[in-house]
Each structure stands twice: as structure tokens, then as C-alpha cells.
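Some notes on the structure that comes next.
Hydrogens, waters and symmetry mates play no part in the numbers below; they use all other heavy atoms, side chains included. In this text, all values refer to a predicted model and were calculated from it rather than measured experimentally.
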Amino acid sequence: MPKSRIRKKADFTPPPAKQSTNIKLTNRSWVAPVMLALFLIGLAWIVLFYVTEGDMPLSALGNWNIVVGFGFIAGGFGVSTQWK
């Protein structure tokens with residue numbers, strides 16, 4: 001029986017090294033103060049609503065004041081995703 005050919009594999013050549021690129025980080029010093037401000041505004045809104053028994057901050061909204069307060073808090077969490 002004839003001997004089969006042996007295939008020679010090409011030697012591994014690593015890909016050329018990438019040139020390092022400078023990563024430009026933007027200035028995100030605004031994120032922490034805005035995030036904390038939104039958290040505190042939302043908390044203050046909800047606490048003020050409960051303490052004044054619904055008369056403040058906006059009596060026309062009624063129980064929707066809770067949703068507004070949680071909206072501020074959710075906005076704070078949304079801003080927190082930009083923190084690096």
C-alpha cells in the first residue's frame with residue numbers, strides 16, 4: 001500500500017502587534033454631584049410628601065408625588081451608569 005503524503009503545517013506567525021492608541025477619557029467630574037443631587041431631591045420629595053400628609057410639594061398630584069420622587073431617584077441611577 002502506498003504511503004500517504006504528510007502535510008506540513010505552516011509555522012505559526014503571530015499577528016503584528018497593534019500600535020497602542022491613547023485612550024481619551026472624558027472629564028466626568030459632573031456625574032457624582034448630579035447623581036447625589038437627584039437621589040437627595042427624590043428622597044426629600046417623598047419625605048416632604050409624607051410629612052405634610054400630601055399637602056406639599058404639589059397637592060394637585062396627590063399620590064403621584066411618590067412617582068415623581070422615585071423618578072428623581074431612578075434618574076440618579078441612570079446617571080450613575082456614566083460614572084467611571
Run the side-chain donor-acceptor check on residues 46-62: report pairs under 3.5 Å with partners two or more places apart or on a different chain.
{"unit_1": "Thr52", "atom_1": "OG1", "unit_2": "Leu48", "atom_2": "O", "d": "2.7"}
{"unit_1": "Thr52", "atom_1": "OG1", "unit_2": "Met56", "atom_2": "N", "d": "3.1"}
{"unit_1": "Thr52", "atom_1": "OG1", "unit_2": "Met56", "atom_2": "O", "d": "3.3"}

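- Ring centroid separation for the pair Phe72 and Phe39 does not come in under the 6.0 Å cut-off.
- The CE atom of Met35 lies 10.5 Å from the OG1 atom of Thr81; values are rounded to the nearest 0.5 Å.
- Trp45 contributes a side-chain N or O that, together with a main-chain N or O of Asn65, makes up a donor-acceptor pair within less than 3.5 Å.
- Leu40 and Ile66 end up in different hydrophobic clusters when Ile, Leu, Val, Met, Phe, Trp and Tyr side chains are linked at under 4.5 Å.
- Two residues are said to be in side-chain contact when any heavy atoms from C-beta on lie closer than 4.5 Å; Leu38 and Ile73 fail this criterion.
- Hydrophobic clustering of Ile, Leu, Val, Met, Phe, Trp and Tyr side chains at less than 4.5 Å, counting indirect connections, keeps Leu43 apart from Val79.
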